[in-house]
Amino acid sequence: MNKFDLGILGGGQLGMFICQAAKKLNFSTIVLSQANDFSAKQFCNHYLIGNYNDKNILNDFINLADNFTIETENIPKEVLKKIEKNKNLFPSSKIVEISQNRLKEKKFLNSLKGIRTARYKPLINFIDLKKSLEFFGNTAILKSCEFGYDGKGQHTVQQSNLENFKKLNFKNYILEETLDFNKEISVIVCRTKNNCSYYPPVENLHKNSILRETTFPAKIEKKTRDNAIKIALEISSKLNLIGILAIEMFIMKDDSILINELAPRPHNSGHWSIDFCKYSQYQNLLFSIFNKKVKDPEPIGSCKMVNIIGNDYKNKEKIEKIFKFYDYYKEEIKPLRKMGHYTKIT
């Protein structure tokens, strides 16, 4: 079998959009998926199905491409390092390793001058939880250090429910202060050794820790906008990013900025770029890998992206008649599952 231009770890909707963008740019793709049914299946040139830790399947996958990227950061670091031994991985395993662990991520971010996250406490046992909760004023958020997304592995902890967590294995958790923030925004950066571009701040609306809507441009002061971009570029530079990185941020009441999370992959809040930028986040990821130079996104208008969650997908036909709708081709509807999205002019 001939080699493919790009190997993608993960076949969800982000992988699907990478494959679609690659096809338009005449790049071939091979996907390694752990699920039998996955969004990218009908859009990639080839695929393998199996566990990331299956050495035979992983070896076959690695042999079929020279350049690789991810659509989820929740991939064993041993897998990423194995790929990186002889092939090219974008972004690097070092960046993914920082981003896939909340404690490592927060330590890294707070080590940078002028960049801060919410206050947090590492936990070892229940006594730590109890003391840390008192420190944060008797309400805080318990977060798993790994495999947490869309609200998974997150719990609001108060004195009234503290005893519920007594038997938890605390070694992989942190306790984070609750924030009275004004807005949530994100900035996406694409970078090579030769140049850098960014998607300006968008405003994100979450419900139950799941992104529901993204609005471009974010309704923030110019000074705050410029500061958000500056911070995003600084983080990307310190990480020596080659590839793509999404930076989620909180805008506080005084317009100061705290970093929430990093995502070393295309981001849900960047879907708007498909329809409302000359160059989407997916195209720029490919440019960073193959062209060694990324392009200015060139946004072409204000817009909104709305996620279709769970049973809302049953209204698909009505939505399609009104808006530009993107189906994620997921067979099973689950209550909090992203099933698709649509975009509209605002």
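The structure presented is a predicted model; accordingly, all values stated were derived computationally and were not measured.
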Asker: Are Y282 and F17 an aromatic pair by the rule of ring centers under 6.0 Å?
Answerer: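 Yes, they do, as the ring centres are separated by less than 6.0 Å.
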Asker: Out of curiosity, T214 OG1 to N204 CG, how far, rounded to the nearest 0.5 Å?
Answerer: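 Between atom OG1 of T214 and atom CG of N204 there are 4.0 Å.
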Asker: When you measure from the side chain of T117 to the backbone N and O of N260, does any donor-acceptor pair fall under 3.5 Å?
Answerer: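 Answer holds: no.
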Asker: Check whether any side-chain N or O of E203 sits under 3.5 Å from a backbone N or O of I185 as a donor-acceptor pair, and report yes or no.
Answerer: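 No, the answer is negative, given that no donor and acceptor are paired below the 3.5 Å cut-off.
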Asker: Other residues, nucleotides and ligands only: do more than 12 of their heavy atoms fall within 6.0 Å of NZ on K292?
Answerer: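 Yes, because the 6.0 Å sphere around NZ of K292 holds more than 12 heavy atoms from other groups.
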Asker: Tell me whether the rings of W272 and F216 are parallel (<30°), tilted (30 to 60°) or perpendicular (>60°).
Answerer: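 The rings of W272 and F216 lie parallel, inter-plane angle below 30°.
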Asker: To the closest 0.5 Å, what do you measure between CG (D275) and CD1 (I345)?
Answerer: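 D275 atom CG to I345 atom CD1 measures 9.5 Å (nearest 0.5 Å).
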Asker: Shared ILVMFWY cluster between I95 and M249, side chains joined below 4.5 angstrom?
Answerer: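 I95 clusters together with M249.
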Asker: Tell me whether the guanidinium CZ or amine NZ of K295 lies under 6.0 angstrom from the six-membered ring centre of F287 and within 45° of its axis.
Answerer: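 Judged by the rule (NZ or CZ under 6.0 Å from the ring centre, within 45° of its axis), K295 counts as positioned above F287.
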Asker: Hey, could you give me the CD1/OG distance between I247 and S186, rounded to the nearest 0.5 Å?
Answerer: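 OG of S186 is found 9.0 Å from CD1 of I247.
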Asker: State which residue, out of I83, L80, I8, fulfils the side-chain contact (heavy atoms from CB on, under 4.5 Å) condition with I70.
Answerer: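 Among the candidates, only L80 passes.
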Asker: Would you call the rings of F170 and F126 parallel, tilted or perpendicular, taking 30° and 60° as the class edges?
Answerer: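 Tilted: the ring planes of F170 and F126 meet at 30° to 60°.
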Asker: Would F4 and H46 count as a close aromatic pair, with their ring centres under 6.0 Å?
Answerer: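 Close enough - the centres of the two rings lie under 6.0 Å apart.
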Asker: Answer yes when K223 and D255 have at least one side-chain N-carboxylate O distance shorter than 4.0 Å, and no when they do not.
Answerer: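 Answer for the salt bridge query: no.
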Asker: Just by distance, do the side chain of D128 and the backbone of I124 share a donor-acceptor pair under 3.5 Å?
Answerer: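 Present.
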Asker: Between E163 and K166, does a salt bridge (Lys or Arg N to Asp or Glu O under 4.0 Å) hold up when you go through it step by step?
Answerer: CA-CA 5 Å; E163 293 295 319; K166 206 163 188 177; 3.5 Å; yes
Asker: Are E97 and K94 ion-paired here, with the side-chain N under 4.0 Å from a carboxylate O?
Answerer: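 No, E97 and K94 are not salt-bridged.
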Asker: With a 4.5 Å cut-off on side-chain heavy-atom distances among I, L, V, M, F, W and Y, is there a chain of contacts connecting F108 to L241?
Answerer: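 Both belong to a single hydrophobic cluster.
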Asker: What is the distance from atom CD1 of I174 to atom SG of C145, rounded to the nearest 0.5 Å?
Answerer: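 One gets 5.5 Å once the value is rounded to the nearest 0.5 Å.
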Asker: For L142 and L123: C-alpha separation, side-chain torsions, deciding distance, then whether side chain to side chain contact (heavy atoms under 4.5 Å, CB included) applies.
Answerer: CA-CA 10 Å; L142 183 66; L123 302 175; 3.4 Å; yes
Asker: Could you check whether atom CZ of F68 has more than 12 heavy atoms from other residues, nucleotides or ligands sitting under 6.0 Å from it?
Answerer: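 Atom CZ in F68 is crowded, with more than 12 foreign heavy atoms closer than 6.0 Å.
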Asker: Show your working on side chain to side chain donor-acceptor pair (under 3.5 Å) between D37 and Y329 and close with a plain yes or no.
Answerer: CA-CA 9 Å; D37 295 300; Y329 303 102; over 6 Å; no
Asker: Tell me if the NZ atom of K23 is crowded by more than 12 foreign heavy atoms within 6.0 Å.
Answerer: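 Yes, the 6.0 Å shell around NZ holds more than 12 heavy atoms from other groups.
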Asker: Above 12 or not: heavy atoms from other molecules or residues under 6.0 Å from CD1 of I300?
Answerer: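 Enclosed: over 12 neighbouring heavy atoms sit under 6.0 Å from CD1 of I300.
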Asker: If you count every heavy atom of other residues, nucleotides or ligands that lies below 6.0 Å from K131 atom NZ, does the total exceed 12?
Answerer: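 Open.
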Asker: Any carboxylate oxygen within less than 4.0 angstrom of a Lys/Arg side-chain nitrogen, looking at E213 and K304?
Answerer: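 A salt bridge links E213 with K304.
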Asker: Verify the cluster assignment for I274 and L211: are they in a single hydrophobic cluster under the rule of side-chain heavy atoms below 4.5 Å apart?
Answerer: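 Shared cluster, yes.
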Asker: Are the aromatic ring centres of Y342 and Y326 under 6.0 angstrom apart?
Answerer: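 No, too far apart.
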Asker: How many angstroms lie between CZ in R225 and CD1 in I220, if you round to the nearest 0.5 Å?
Answerer: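 Result: 7.5 Å between the selected atoms.
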Asker: Ignoring hydrogens and geometry, is there a side-chain-to-backbone donor-acceptor pair from D254 to S256 under 3.5 Å?
Answerer: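 Looks like yes, one N/O pair under 3.5 Å.
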Asker: I'd like to know if the side chain of S236 reaches the main chain of A232, judged simply by a donor and an acceptor atom lying under 3.5 Å from each other, with no hydrogens or angles considered.
Answerer: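 The answer is yes, because a donor-acceptor pair under 3.5 Å joins these two groups.
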Asker: Are any non-hydrogen side-chain atoms of L112 and I235 less than 4.5 angstrom apart?
Answerer: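 In short, these two side chains touch, coming nearer than 4.5 Å.
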Asker: Mind telling me whether F290 and F27 have parallel, tilted or perpendicular rings, with 30° and 60° as the class edges?
Answerer: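 Answer is parallel, since the angle falls under 30°.
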Asker: Starting at CG of N172, measure out to CZ of R102 and round the result to the nearest 0.5 Å.
Answerer: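 One gets 10.5 Å once the value is rounded to the nearest 0.5 Å.
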Asker: Run T192 and N195 through side chain to side chain donor-acceptor pair (under 3.5 Å) and show every step you take.
Answerer: CA-CA 5 Å; T192 70; N195 77 325; 3.2 Å; yes
Asker: Would you check, one step at a time, whether the test side chain to side chain donor-acceptor pair (under 3.5 Å) holds for N88 with D66?
Answerer: CA-CA 6 Å; N88 304 310; D66 289 325; over 6 Å; no
Asker: Can you tell me if R191 uses its side chain to pair, donor with acceptor, with the backbone of S197 under 3.5 Å?
Answerer: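 No, because the side chain of R191 does not come within donor-acceptor range (under 3.5 Å) of the backbone of S197.
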Asker: Between the side chain of E184 and the main-chain N/O of I251, is any donor-acceptor distance below 3.5 Å?
Answerer: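 No, the answer is negative, given that no donor and acceptor are paired below the 3.5 Å cut-off.
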Asker: Are M305 and I244 grouped together when hydrophobic residues (ILVMFWY) are joined by side-chain heavy atoms under 4.5 angstrom apart?
Answerer: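 Yes, M305 and I244 fall within the same hydrophobic cluster.
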Asker: Is any NZ, NE, NH1 or NH2 atom of the basic residue among K222 and D226 found under 4.0 Å from an Asp or Glu carboxylate oxygen of the other?
Answerer: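 Looking at D226 together with K222, the answer is yes, because their closest N to O distance falls below 4.0 Å.
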Asker: Regarding E177 and K121, does a basic nitrogen lie under 4.0 Å from an acidic carboxylate oxygen?
Answerer: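 Result for this pair is no, no salt bridge flagged.
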Asker: Between E176 and K106, does any NZ, NE, NH1 or NH2 come within less than 4.0 Å of an OD or OE carboxylate oxygen?
Answerer: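 Result for this pair is yes, salt bridge flagged.
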Asker: Going hydrophobic residue to hydrophobic residue with side-chain gaps under 4.5 angstrom, can you get from L109 over to I257?
Answerer: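 Yes, it is one cluster - the side chains of L109 and I257 are joined through contacts under 4.5 Å.
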Asker: Minimum heavy-atom separation for A65 and L6, please, with both atom names.
Answerer: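 For A65 versus L6, the nearest heavy atoms are CB-C, 4.2 Å.
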Asker: Taking the side chain as everything from C-beta on, heavy atoms only, tell me whether V96 gets closer than 4.5 Å to K77.
Answerer: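 Not in contact.
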